[in-house]
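So the structure is just underneath, and the comments pick up after that.
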There are 2 protein chains.
Amino acid sequence: MYAAKIDTANAVPFPAALFPVRAASFGDDDLPMDLGQVMHFARGAEIFGQGEKADCLYKVVSGWVRTYRILRDGRRQVEGFHLAGEYFGIEAGGSHRASAEALGPAAVQVVRRTALNDLAARRGDVAATLFRLAIQGLERAHEHVAMLSHKTACERVAGFLLDMAERADVRTGLELPMSRQDMADYLSLTIETVSRTLSQLQAEGLIEIPKSRNIILRNREALEEMCE
Amino acid sequence: MYAAKIDTANAVPFPAALFPVRAASFGDDDLPMDLGQVMHFARGAEIFGQGEKADCLYKVVSGWVRTYRILRDGRRQVEGFHLAGEYFGIEAGGSHRASAEALGPAAVQVVRRTALNDLAARRGDVAATLFRLAIQGLERAHEHVAMLSHKTACERVAGFLLDMAERADVRTGLELPMSRQDMADYLSLTIETVSRTLSQLQAEGLIEIPKSRNIILRNREALEEMCE
DNA sequence: CGAGATTTTGAAACCATTCAAGCGAGGTGG
DNA sequence: CCACCTCGCTTGAATGGTTTCAAAATCTCG
(Lines give C-alpha, C1' and ligand atoms only; values in the text may rest on other atoms or scores of the structure.)
Protein backbone atom coordinates (compact mmCIF):
# COMPACT_ATOMS: atom_id res chain seq x y z
CA MET A 1 0.00 0.00 0.00
CA TYR A 2 1.19 3.46 -0.88
CA ALA A 3 2.49 5.75 1.82
CA ALA A 4 3.86 9.22 1.26
CA LYS A 5 7.48 9.34 2.26
CA ILE A 6 8.83 12.78 2.94
CA ASP A 7 12.19 13.58 4.40
CA THR A 8 11.30 15.39 7.56
CA ALA A 9 14.90 16.27 8.27
CA ASN A 10 14.82 19.67 6.65
CA ALA A 11 11.10 20.04 7.14
CA VAL A 12 11.29 22.51 9.96
CA PRO A 13 9.62 25.88 9.38
CA PHE A 14 11.69 28.96 10.13
CA PRO A 15 10.90 29.47 13.78
CA ALA A 16 11.88 32.95 14.75
CA ALA A 17 11.91 34.96 11.56
CA LEU A 18 8.24 35.81 11.77
CA PHE A 19 7.32 39.28 10.77
CA PRO A 20 3.96 40.94 10.59
CA VAL A 21 2.67 41.89 7.19
CA ARG A 22 0.94 45.07 6.31
CA ALA A 23 -1.94 44.63 3.92
CA ALA A 24 -2.44 47.87 2.08
CA SER A 25 -6.00 47.00 1.21
CA PHE A 26 -8.11 43.92 0.84
CA GLY A 27 -10.71 43.19 -1.78
CA ASP A 28 -13.94 41.26 -1.76
CA ASP A 29 -12.34 37.88 -1.35
CA ASP A 30 -9.43 38.94 0.73
CA LEU A 31 -9.08 39.31 4.45
CA PRO A 32 -7.17 41.99 6.32
CA MET A 33 -4.32 39.64 7.01
CA ASP A 34 -2.15 42.22 8.72
CA LEU A 35 -3.13 40.17 11.73
CA GLY A 36 -1.11 37.30 10.46
CA GLN A 37 2.52 36.37 10.21
CA VAL A 38 4.46 34.90 7.34
CA MET A 39 6.14 31.58 7.92
CA HIS A 40 8.58 29.84 5.62
CA PHE A 41 8.50 26.13 4.92
CA ALA A 42 11.04 23.89 3.25
CA ARG A 43 10.21 21.39 0.53
CA GLY A 44 7.99 18.69 1.95
CA ALA A 45 7.48 20.45 5.28
CA GLU A 46 4.19 19.86 7.01
CA ILE A 47 2.20 23.04 7.58
CA PHE A 48 -0.46 21.26 9.56
CA GLY A 49 -1.47 17.65 10.01
CA GLN A 50 -4.69 15.73 9.80
CA GLY A 51 -6.27 15.64 13.24
CA GLU A 52 -4.33 18.58 14.65
CA LYS A 53 -6.11 21.49 16.28
CA ALA A 54 -7.35 23.88 13.60
CA ASP A 55 -6.74 27.26 15.13
CA CYS A 56 -5.30 29.06 12.14
CA LEU A 57 -6.24 30.11 8.65
CA TYR A 58 -3.57 30.04 5.94
CA LYS A 59 -2.81 31.94 2.77
CA VAL A 60 -0.09 31.11 0.29
CA VAL A 61 2.32 34.00 -0.24
CA SER A 62 4.69 32.17 -2.55
CA GLY A 63 5.28 28.60 -3.61
CA TRP A 64 2.82 25.73 -3.80
CA VAL A 65 0.99 23.85 -1.10
CA ARG A 66 -0.90 20.57 -1.32
CA THR A 67 -3.67 19.51 1.02
CA TYR A 68 -4.50 15.83 1.35
CA ARG A 69 -6.18 13.26 3.48
CA ILE A 70 -5.27 9.70 4.29
CA LEU A 71 -8.44 7.67 3.82
CA ARG A 72 -9.53 4.73 5.91
CA ASP A 73 -8.16 2.27 3.37
CA GLY A 74 -4.74 3.88 3.55
CA ARG A 75 -4.99 5.66 0.23
CA ARG A 76 -4.04 9.27 -0.05
CA GLN A 77 -6.54 11.71 -1.50
CA VAL A 78 -5.03 15.00 -2.57
CA GLU A 79 -7.79 17.54 -2.10
CA GLY A 80 -6.08 20.37 -3.85
CA PHE A 81 -3.02 22.36 -4.80
CA HIS A 82 -2.80 25.94 -3.59
CA LEU A 83 -0.92 28.75 -5.28
CA ALA A 84 0.05 32.24 -4.23
CA GLY A 85 -2.95 34.24 -3.09
CA GLU A 86 -5.10 31.23 -2.29
CA TYR A 87 -6.41 30.30 1.14
CA PHE A 88 -6.43 26.89 2.75
CA GLY A 89 -6.98 25.28 6.12
CA ILE A 90 -10.54 26.51 6.51
CA GLU A 91 -12.21 23.97 8.77
CA ALA A 92 -15.42 23.72 10.72
CA GLY A 93 -14.63 21.78 13.83
CA GLY A 94 -11.69 22.12 16.15
CA SER A 95 -9.42 19.85 14.15
CA HIS A 96 -8.01 19.69 10.64
CA ARG A 97 -9.56 17.02 8.47
CA ALA A 98 -6.65 17.27 6.06
CA SER A 99 -2.92 17.75 6.12
CA ALA A 100 -1.04 20.49 4.29
CA GLU A 101 2.50 20.34 2.98
CA ALA A 102 4.76 22.65 1.04
CA LEU A 103 5.53 21.25 -2.41
CA GLY A 104 8.66 23.35 -2.61
CA PRO A 105 10.04 26.20 -0.54
CA ALA A 106 6.92 28.15 0.37
CA ALA A 107 5.92 31.24 2.29
CA VAL A 108 2.58 31.08 4.05
CA GLN A 109 0.70 33.76 5.90
CA VAL A 110 -0.86 32.44 9.08
CA VAL A 111 -3.72 34.05 11.01
CA ARG A 112 -5.07 32.86 14.32
CA ARG A 113 -8.71 31.89 14.17
CA THR A 114 -9.39 33.54 17.52
CA ALA A 115 -8.19 36.89 16.23
CA LEU A 116 -10.14 36.42 13.04
CA ASN A 117 -13.29 35.46 14.88
CA ASP A 118 -13.02 38.51 17.09
CA LEU A 119 -12.64 40.68 14.05
CA ALA A 120 -15.50 38.95 12.27
CA ALA A 121 -17.75 39.54 15.25
CA ARG A 122 -17.08 43.27 15.04
CA ARG A 123 -16.92 43.67 11.28
CA GLY A 124 -19.64 42.26 9.10
CA ASP A 125 -17.50 42.50 5.98
CA VAL A 126 -14.87 40.24 7.49
CA ALA A 127 -17.50 37.68 8.45
CA ALA A 128 -18.94 37.86 4.95
CA THR A 129 -15.52 37.32 3.39
CA LEU A 130 -14.87 34.33 5.63
CA PHE A 131 -18.18 32.91 4.51
CA ARG A 132 -17.34 33.52 0.87
CA LEU A 133 -13.99 31.77 1.24
CA ALA A 134 -15.73 28.74 2.70
CA ILE A 135 -18.21 28.68 -0.16
CA GLN A 136 -15.42 28.99 -2.70
CA GLY A 137 -13.86 25.90 -1.21
CA LEU A 138 -17.24 24.21 -1.48
CA GLU A 139 -17.48 25.08 -5.15
CA ARG A 140 -14.00 23.78 -5.83
CA ALA A 141 -14.92 20.53 -4.10
CA HIS A 142 -18.03 20.24 -6.25
CA GLU A 143 -15.91 20.78 -9.34
CA HIS A 144 -13.68 18.01 -8.08
CA VAL A 145 -16.72 15.74 -7.77
CA ALA A 146 -17.80 16.63 -11.30
CA MET A 147 -14.30 15.88 -12.56
CA LEU A 148 -14.18 12.50 -10.87
CA SER A 149 -17.69 11.52 -11.74
CA HIS A 150 -17.47 10.53 -15.37
CA LYS A 151 -14.28 11.84 -16.91
CA THR A 152 -11.77 9.65 -18.65
CA ALA A 153 -8.12 9.68 -17.73
CA CYS A 154 -7.42 11.85 -20.75
CA GLU A 155 -10.03 14.42 -19.84
CA ARG A 156 -8.83 14.54 -16.24
CA VAL A 157 -5.20 15.08 -17.15
CA ALA A 158 -5.98 17.65 -19.83
CA GLY A 159 -8.30 19.51 -17.47
CA PHE A 160 -5.67 19.42 -14.77
CA LEU A 161 -3.00 20.91 -17.01
CA LEU A 162 -5.31 23.71 -18.13
CA ASP A 163 -6.39 24.44 -14.57
CA MET A 164 -2.80 24.62 -13.38
CA ALA A 165 -1.79 26.81 -16.30
CA GLU A 166 -4.63 29.19 -15.62
CA ARG A 167 -3.97 29.45 -11.90
CA ALA A 168 -0.22 29.76 -12.35
CA ASP A 169 -1.03 32.37 -14.99
CA VAL A 170 1.16 30.95 -17.73
CA ARG A 171 0.28 30.54 -21.39
CA THR A 172 2.22 27.49 -22.40
CA GLY A 173 5.22 26.61 -20.27
CA LEU A 174 4.12 24.88 -17.08
CA GLU A 175 6.51 24.21 -14.24
CA LEU A 176 4.76 21.69 -12.04
CA PRO A 177 6.30 21.15 -8.61
CA MET A 178 4.27 18.03 -7.83
CA SER A 179 5.12 14.43 -8.58
CA ARG A 180 3.15 12.06 -10.80
CA GLN A 181 1.94 10.44 -7.59
CA ASP A 182 0.54 13.79 -6.43
CA MET A 183 -1.31 14.23 -9.69
CA ALA A 184 -2.58 10.66 -9.54
CA ASP A 185 -3.85 11.10 -5.98
CA TYR A 186 -5.60 14.31 -6.99
CA LEU A 187 -7.13 12.94 -10.18
CA SER A 188 -7.89 9.54 -8.66
CA LEU A 189 -5.84 7.65 -11.18
CA THR A 190 -2.75 5.50 -10.84
CA ILE A 191 0.64 7.00 -11.52
CA GLU A 192 1.01 4.65 -14.49
CA THR A 193 -2.17 5.96 -16.06
CA VAL A 194 -1.12 9.57 -15.51
CA SER A 195 2.24 8.88 -17.12
CA ARG A 196 0.72 6.97 -20.01
CA THR A 197 -1.82 9.71 -20.63
CA LEU A 198 0.80 12.42 -20.64
CA SER A 199 2.86 10.38 -23.11
CA GLN A 200 -0.21 9.95 -25.27
CA LEU A 201 -0.96 13.69 -25.25
CA GLN A 202 2.64 14.30 -26.24
CA ALA A 203 2.43 11.74 -29.05
CA GLU A 204 -0.67 13.55 -30.32
CA GLY A 205 1.27 16.80 -30.31
CA LEU A 206 -0.96 18.53 -27.77
CA ILE A 207 1.80 18.91 -25.22
CA GLU A 208 5.54 18.57 -24.98
CA ILE A 209 7.47 17.23 -21.99
CA PRO A 210 11.12 18.33 -22.16
CA LYS A 211 11.58 17.34 -18.52
CA SER A 212 9.06 15.35 -16.54
CA ARG A 213 7.95 18.33 -14.46
CA ASN A 214 8.10 20.84 -17.25
CA ILE A 215 5.12 20.58 -19.55
CA ILE A 216 4.54 22.82 -22.54
CA LEU A 217 1.00 23.23 -23.82
CA ARG A 218 1.29 23.11 -27.60
CA ASN A 219 -2.40 23.10 -28.45
CA ARG A 220 -4.60 24.64 -25.83
CA GLU A 221 -7.74 24.57 -27.92
CA ALA A 222 -7.51 20.84 -28.48
CA LEU A 223 -6.92 20.37 -24.76
CA GLU A 224 -9.89 22.53 -23.91
CA GLU A 225 -12.07 20.72 -26.39
CA MET A 226 -11.02 17.48 -24.77
CA CYS A 227 -12.51 18.62 -21.45
CA GLU A 228 -15.67 19.93 -23.12
CA MET B 1 -27.79 11.04 -23.72
CA TYR B 2 -29.64 11.04 -20.46
CA ALA B 3 -31.93 13.91 -19.60
CA ALA B 4 -34.02 14.17 -16.48
CA LYS B 5 -37.65 14.21 -17.42
CA ILE B 6 -39.93 15.55 -14.73
CA ASP B 7 -43.56 16.36 -15.15
CA THR B 8 -43.73 20.02 -14.39
CA ALA B 9 -47.51 20.02 -14.54
CA ASN B 10 -48.08 19.56 -10.83
CA ALA B 11 -44.78 21.07 -9.93
CA VAL B 12 -46.15 24.36 -8.69
CA PRO B 13 -45.39 25.25 -5.08
CA PHE B 14 -48.33 26.25 -2.96
CA PRO B 15 -48.42 29.95 -3.57
CA ALA B 16 -50.48 31.58 -0.90
CA ALA B 17 -50.46 29.21 2.04
CA LEU B 18 -47.24 30.64 3.41
CA PHE B 19 -47.09 31.00 7.12
CA PRO B 20 -44.29 32.13 9.37
CA VAL B 21 -42.73 29.58 11.64
CA ARG B 22 -41.74 30.08 15.22
CA ALA B 23 -38.46 28.52 16.16
CA ALA B 24 -38.52 27.82 19.87
CA SER B 25 -34.75 27.78 20.05
CA PHE B 26 -31.82 27.13 17.79
CA GLY B 27 -28.73 25.12 18.53
CA ASP B 28 -25.19 25.44 17.37
CA ASP B 29 -25.89 24.43 13.82
CA ASP B 30 -29.32 25.90 13.51
CA LEU B 31 -30.43 29.34 12.49
CA PRO B 32 -33.29 31.33 13.95
CA MET B 33 -35.48 30.59 10.98
CA ASP B 34 -38.55 32.34 12.35
CA LEU B 35 -37.61 34.79 9.64
CA GLY B 36 -38.54 32.22 7.05
CA GLN B 37 -41.70 30.79 5.62
CA VAL B 38 -42.63 27.22 4.91
CA MET B 39 -43.45 26.34 1.33
CA HIS B 40 -44.89 23.09 0.09
CA PHE B 41 -43.71 21.36 -3.06
CA ALA B 42 -45.24 18.52 -4.98
CA ARG B 43 -43.33 15.46 -6.17
CA GLY B 44 -40.77 16.53 -8.75
CA ALA B 45 -41.34 20.24 -8.18
CA GLU B 46 -38.35 22.50 -8.70
CA ILE B 47 -37.42 24.48 -5.62
CA PHE B 48 -34.79 26.45 -7.46
CA GLY B 49 -32.97 26.04 -10.73
CA GLN B 50 -29.37 26.09 -11.83
CA GLY B 51 -28.48 29.64 -12.81
CA GLU B 52 -31.33 31.32 -10.97
CA LYS B 53 -30.69 34.12 -8.54
CA ALA B 54 -29.66 32.70 -5.19
CA ASP B 55 -31.38 34.97 -2.73
CA CYS B 56 -32.70 32.39 -0.30
CA LEU B 57 -31.45 29.73 2.05
CA TYR B 58 -33.48 26.55 2.46
CA LYS B 59 -34.13 24.00 5.18
CA VAL B 60 -36.06 20.78 4.76
CA VAL B 61 -39.00 20.55 7.14
CA SER B 62 -40.37 17.27 5.83
CA GLY B 63 -39.81 15.06 2.83
CA TRP B 64 -36.68 14.66 0.74
CA VAL B 65 -34.93 17.05 -1.61
CA ARG B 66 -32.25 16.35 -4.20
CA THR B 67 -29.75 18.90 -5.46
CA TYR B 68 -28.09 18.31 -8.78
CA ARG B 69 -26.20 19.93 -11.59
CA ILE B 70 -26.28 19.38 -15.30
CA LEU B 71 -22.68 19.14 -16.43
CA ARG B 72 -21.27 20.48 -19.65
CA ASP B 73 -21.44 17.06 -21.28
CA GLY B 74 -25.14 16.83 -20.49
CA ARG B 75 -24.76 14.37 -17.67
CA ARG B 76 -26.55 14.95 -14.41
CA GLN B 77 -24.55 14.99 -11.21
CA VAL B 78 -26.66 14.59 -8.09
CA GLU B 79 -24.78 16.48 -5.41
CA GLY B 80 -26.83 15.29 -2.51
CA PHE B 81 -30.07 14.23 -0.92
CA HIS B 82 -31.44 16.35 1.90
CA LEU B 83 -33.65 15.15 4.71
CA ALA B 84 -35.68 16.92 7.36
CA GLY B 85 -33.56 19.32 9.37
CA GLU B 86 -30.86 19.71 6.72
CA TYR B 87 -29.99 22.92 4.92
CA PHE B 88 -29.38 23.39 1.22
CA GLY B 89 -29.06 26.15 -1.34
CA ILE B 90 -26.06 27.80 0.30
CA GLU B 91 -24.22 29.55 -2.51
CA ALA B 92 -21.45 32.07 -2.83
CA GLY B 93 -22.27 34.18 -5.82
CA GLY B 94 -25.54 35.63 -6.88
CA SER B 95 -26.75 32.54 -8.69
CA HIS B 96 -27.40 28.91 -7.87
CA ARG B 97 -24.85 26.51 -9.27
CA ALA B 98 -27.23 23.64 -8.74
CA SER B 99 -30.92 22.85 -9.02
CA ALA B 100 -33.08 21.53 -6.21
CA GLU B 101 -36.17 19.38 -6.54
CA ALA B 102 -38.58 17.70 -4.18
CA LEU B 103 -38.31 13.92 -4.39
CA GLY B 104 -41.81 13.58 -3.00
CA PRO B 105 -44.23 15.97 -1.35
CA ALA B 106 -41.95 18.17 0.70
CA ALA B 107 -42.15 21.11 3.06
CA VAL B 108 -39.26 23.53 2.90
CA GLN B 109 -38.50 26.51 5.07
CA VAL B 110 -37.25 29.46 3.05
CA VAL B 111 -35.30 32.44 4.36
CA ARG B 112 -34.30 35.48 2.37
CA ARG B 113 -30.58 35.99 2.22
CA THR B 114 -30.97 39.73 2.71
CA ALA B 115 -32.77 39.19 6.00
CA LEU B 116 -30.20 36.63 7.04
CA ASN B 117 -27.31 38.87 6.11
CA ASP B 118 -28.79 41.72 8.11
CA LEU B 119 -29.16 39.46 11.08
CA ALA B 120 -25.66 38.06 10.63
CA ALA B 121 -24.24 41.57 10.57
CA ARG B 122 -25.83 42.29 13.94
CA ARG B 123 -25.38 38.92 15.58
CA GLY B 124 -22.03 37.20 15.54
CA ASP B 125 -23.54 33.86 16.46
CA VAL B 126 -25.72 33.90 13.36
CA ALA B 127 -22.74 34.69 11.16
CA ALA B 128 -20.79 31.90 12.82
CA THR B 129 -23.60 29.44 12.24
CA LEU B 130 -23.84 30.42 8.59
CA PHE B 131 -20.12 29.84 8.30
CA ARG B 132 -20.43 26.46 9.99
CA LEU B 133 -23.20 25.42 7.63
CA ALA B 134 -21.03 26.30 4.66
CA ILE B 135 -18.14 24.28 6.06
CA GLN B 136 -20.41 21.33 6.72
CA GLY B 137 -21.35 21.37 3.06
CA LEU B 138 -17.66 21.49 2.23
CA GLU B 139 -16.97 18.45 4.36
CA ARG B 140 -19.80 16.55 2.78
CA ALA B 141 -18.42 17.39 -0.65
CA HIS B 142 -15.00 16.12 0.41
CA GLU B 143 -16.59 12.91 1.61
CA HIS B 144 -18.22 12.67 -1.80
CA VAL B 145 -14.82 13.05 -3.44
CA ALA B 146 -13.38 10.35 -1.19
CA MET B 147 -16.26 8.07 -2.08
CA LEU B 148 -15.83 8.58 -5.80
CA SER B 149 -12.08 8.40 -5.75
CA HIS B 150 -11.39 4.70 -5.44
CA LYS B 151 -14.47 2.86 -4.26
CA THR B 152 -15.95 -0.05 -6.12
CA ALA B 153 -19.60 -0.14 -7.09
CA CYS B 154 -20.30 -2.45 -4.18
CA GLU B 155 -18.67 -0.17 -1.63
CA ARG B 156 -20.49 2.84 -3.01
CA VAL B 157 -23.90 1.25 -2.87
CA ALA B 158 -23.34 -0.26 0.57
CA GLY B 159 -22.07 3.06 1.89
CA PHE B 160 -25.01 4.85 0.36
CA LEU B 161 -27.52 2.55 2.02
CA LEU B 162 -25.87 2.94 5.41
CA ASP B 163 -25.67 6.71 5.05
CA MET B 164 -29.33 6.94 4.11
CA ALA B 165 -30.35 4.63 6.95
CA GLU B 166 -28.41 6.69 9.44
CA ARG B 167 -29.75 10.02 8.26
CA ALA B 168 -33.31 8.76 8.00
CA ASP B 169 -32.75 7.32 11.48
CA VAL B 170 -33.97 3.82 10.70
CA ARG B 171 -32.36 0.55 11.77
CA THR B 172 -33.21 -1.78 8.95
CA GLY B 173 -36.22 -0.85 6.82
CA LEU B 174 -35.28 1.86 4.35
CA GLU B 175 -37.90 3.68 2.31
CA LEU B 176 -35.96 5.40 -0.44
CA PRO B 177 -37.89 7.98 -2.43
CA MET B 178 -35.31 8.29 -5.19
CA SER B 179 -35.04 6.30 -8.40
CA ARG B 180 -32.16 4.08 -9.42
CA GLN B 181 -31.17 6.85 -11.81
CA ASP B 182 -30.93 9.27 -8.89
CA MET B 183 -28.70 6.87 -6.99
CA ALA B 184 -26.58 6.27 -10.08
CA ASP B 185 -26.12 9.99 -10.68
CA TYR B 186 -25.13 10.47 -7.06
CA LEU B 187 -22.74 7.51 -6.92
CA SER B 188 -21.39 8.10 -10.42
CA LEU B 189 -22.41 4.68 -11.66
CA THR B 190 -24.84 3.58 -14.33
CA ILE B 191 -28.32 2.54 -13.34
CA GLU B 192 -27.54 -0.97 -14.55
CA THR B 193 -24.59 -1.23 -12.20
CA VAL B 194 -26.62 0.08 -9.27
CA SER B 195 -29.34 -2.45 -9.99
CA ARG B 196 -26.88 -5.29 -10.45
CA THR B 197 -25.07 -4.41 -7.24
CA LEU B 198 -28.27 -4.29 -5.22
CA SER B 199 -29.24 -7.69 -6.65
CA GLN B 200 -25.84 -9.03 -5.71
CA LEU B 201 -26.09 -7.72 -2.15
CA GLN B 202 -29.48 -9.35 -1.91
CA ALA B 203 -28.13 -12.64 -3.25
CA GLU B 204 -25.43 -12.49 -0.56
CA GLY B 205 -28.13 -12.02 2.06
CA LEU B 206 -26.92 -8.59 3.18
CA ILE B 207 -30.08 -6.82 2.14
CA GLU B 208 -33.58 -7.65 1.04
CA ILE B 209 -35.58 -5.78 -1.59
CA PRO B 210 -39.30 -6.50 -1.20
CA LYS B 211 -40.11 -3.59 -3.45
CA SER B 212 -37.58 -1.72 -5.49
CA ARG B 213 -37.68 1.38 -3.28
CA ASN B 214 -37.98 -0.50 -0.03
CA ILE B 215 -34.68 -1.95 1.08
CA ILE B 216 -34.20 -3.90 4.30
CA LEU B 217 -30.71 -4.07 5.76
CA ARG B 218 -30.27 -7.65 6.92
CA ASN B 219 -26.63 -7.51 7.90
CA ARG B 220 -25.40 -4.07 8.80
CA GLU B 221 -22.03 -5.24 10.07
CA ALA B 222 -21.19 -6.89 6.79
CA LEU B 223 -22.28 -3.76 4.94
CA GLU B 224 -20.17 -1.57 7.21
CA GLU B 225 -17.19 -3.84 6.81
CA MET B 226 -17.63 -3.57 3.08
CA CYS B 227 -17.09 0.20 3.26
CA GLU B 228 -14.13 -0.18 5.64
C1' DC C 1 -56.39 -4.81 -18.58
C1' DG C 2 -53.09 -2.21 -21.27
C1' DA C 3 -49.42 1.26 -22.02
C1' DG C 4 -45.42 3.45 -20.53
C1' DA C 5 -41.92 3.92 -17.35
C1' DT C 6 -38.79 1.78 -14.24
C1' DT C 7 -36.01 -1.93 -12.99
C1' DT C 8 -33.54 -6.13 -13.77
C1' DT C 9 -30.67 -9.31 -16.33
C1' DG C 10 -27.41 -10.82 -20.09
C1' DA C 11 -23.30 -10.59 -23.16
C1' DA C 12 -19.69 -8.12 -25.30
C1' DA C 13 -16.54 -4.24 -25.31
C1' DC C 14 -13.67 -0.98 -23.17
C1' DC C 15 -10.76 1.44 -20.14
C1' DA C 16 -8.05 1.80 -16.08
C1' DT C 17 -5.58 -1.09 -12.92
C1' DT C 18 -2.24 -4.40 -11.66
C1' DC C 19 2.01 -6.60 -11.95
C1' DA C 20 6.42 -6.46 -14.00
C1' DA C 21 10.28 -4.65 -16.22
C1' DG C 22 13.07 -1.01 -18.34
C1' DC C 23 14.70 3.75 -18.54
C1' DG C 24 16.96 8.03 -17.00
C1' DA C 25 18.57 11.62 -13.89
C1' DG C 26 20.85 12.74 -9.57
C1' DG C 27 23.94 11.59 -5.92
C1' DT C 28 27.67 8.90 -3.42
C1' DG C 29 31.82 6.59 -2.99
C1' DG C 30 35.80 4.47 -4.81
C1' DC D 1 35.66 10.46 -13.64
C1' DC D 2 33.09 6.48 -13.75
C1' DA D 3 30.64 2.66 -11.60
C1' DC D 4 26.91 2.01 -8.90
C1' DC D 5 22.76 2.82 -6.49
C1' DT D 6 18.37 4.91 -5.76
C1' DC D 7 14.25 7.12 -6.91
C1' DG D 8 10.93 8.84 -9.98
C1' DC D 9 9.08 8.06 -14.30
C1' DT D 10 7.84 5.37 -18.42
C1' DT D 11 6.34 1.36 -21.02
C1' DG D 12 4.33 -3.38 -21.75
C1' DA D 13 0.96 -7.20 -21.23
C1' DA D 14 -2.71 -9.32 -18.84
C1' DT D 15 -6.54 -8.88 -15.75
C1' DG D 16 -10.89 -7.26 -14.11
C1' DG D 17 -14.70 -4.24 -13.13
C1' DT D 18 -17.83 -1.02 -15.13
C1' DT D 19 -20.07 0.47 -19.13
C1' DT D 20 -22.62 -0.18 -23.20
C1' DC D 21 -26.05 -2.13 -25.93
C1' DA D 22 -29.95 -5.09 -25.93
C1' DA D 23 -33.92 -7.29 -24.18
C1' DA D 24 -36.87 -9.17 -20.71
C1' DA D 25 -39.43 -8.48 -16.47
C1' DT D 26 -41.88 -5.76 -13.21
C1' DC D 27 -44.35 -1.95 -11.53
C1' DT D 28 -47.61 2.04 -11.82
C1' DC D 29 -51.46 4.32 -13.16
C1' DG D 30 -55.19 5.56 -16.06
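Being a predicted model, the structure only gives us computed values, none of them experimental. Scope of the values below: all heavy atoms of this structure, side chains included, with no hydrogens, waters or symmetry mates. In what follows, chains carry the letters A, B, and so on, assigned in the order in which the sequence lines appear, proteins first and then strands, with residues in each chain numbered from 1.
Across all non-hydrogen atoms, the minimal contact from B/Phe88 to B/Ala100 is CE1-CB, 3.7 Å. In this structure, A/Cys227 and A/Lys151 approach most closely via the heavy-atom pair O-NZ, 3.7 Å. The minimum heavy-atom distance between B/Val145 and A/Ala141, with the atom names listed, is CG2-O, 4.0 Å. Shown here for A/Asn214 and A/Leu174, the closest heavy-atom pair between the two residues is OD1-O, 3.1 Å.
Contacts of A/Ser195 with the nucleic acid, taken as non-hydrogen atoms under 4.0 Å apart, include base atoms. Counting any heavy atom pair closer than 4.0 Å across all strands shown, A/Arg156 reaches no nucleic acid atom.
One can place NZ of B/Lys211 at 20 Å from P of C/dA5, the figure rounded to the nearest angstrom. Whole-Å rounding puts the B/Ile191 CD1 to D/dT20 P distance at 12 Å. Between the CG atom of A/Leu198 and the P atom of D/dT10 there is a distance of 7 Å, rounded to whole Å. Look at CZ on A/Arg180: it is 19 Å from P on D/dC7, rounded to the nearest Å. Protein atom CE of B/Met183 is 11 Å distant from nucleotide atom C1' of C/dT7, rounded to whole Å. What separates CZ of A/Arg43 from P of C/dG26 is a distance of 13 Å, to the nearest Å. Distance CZ (B/Arg213) to P (C/dA5): 15 Å, rounded to an integer number of Å. Remark: C1' of C/dT8 and CD of B/Gln200 are 14 Å apart, rounded to the nearest angstrom.
In the helix from C/dC1-D/dG30 to C/dG30-D/dC1, the end axes, each obtained as the rotation axis mapping the C1' atoms of four pairs onto the next four within a five-pair block, lie 30° apart to the nearest 10 degrees.
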Could you go over nucleotides 10-19 of chain C and give all protein N or O partners under 3.5 Å, atom names and distances?
{"from": "C/dG10", "atom 1": "N7", "to": "B/Arg196", "atom 2": "NH1", "distance (Å)": "2.9"}
{"from": "C/dG10", "atom 1": "O6", "to": "B/Arg196", "atom 2": "NH2", "distance (Å)": "3.4"}
{"from": "C/dA16", "atom 1": "OP1", "to": "A/Ala153", "atom 2": "N", "distance (Å)": "2.7"}
{"from": "C/dT17", "atom 1": "OP2", "to": "A/Thr190", "atom 2": "N", "distance (Å)": "3.2"}
{"from": "C/dT17", "atom 1": "OP2", "to": "A/Thr190", "atom 2": "OG1", "distance (Å)": "3.2"}
{"from": "C/dT17", "atom 1": "OP2", "to": "A/Thr193", "atom 2": "OG1", "distance (Å)": "2.5"}
{"from": "C/dT18", "atom 1": "O4", "to": "A/Arg196", "atom 2": "NH2", "distance (Å)": "2.9"}
{"from": "C/dC19", "atom 1": "N4", "to": "A/Glu192", "atom 2": "OE2", "distance (Å)": "3.2"}

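Each of B/Glu86, B/Glu79, B/Glu101, B/Glu46 was scored for a salt bridge (Lys or Arg N to Asp or Glu O under 4.0 Å) with B/Arg66, with one residue passing: B/Glu101.
With respect to the salt-bridge test (charged N to carboxylate O, under 4.0 angstrom), the residues B/Lys59 and B/Asp30 qualify. With respect to A/Asp55 and A/Arg113, no salt bridge is recorded, no charged nitrogen being found less than 4.0 Å from a carboxylate O. For B/Arg213 and B/Asp182, the salt-bridge test fails: no basic side-chain N is under 4.0 Å from an acidic carboxylate O.
Aromatic rings of A/Tyr87 and A/Tyr58 (six-membered ring for Trp) have centroids beyond the 6.0 Å cut-off, not under it.
Judged by closest nucleotide on DNA chain D, A/Ser199 is the one of B/Pro210 and A/Ser199 placed further toward the 5' end.
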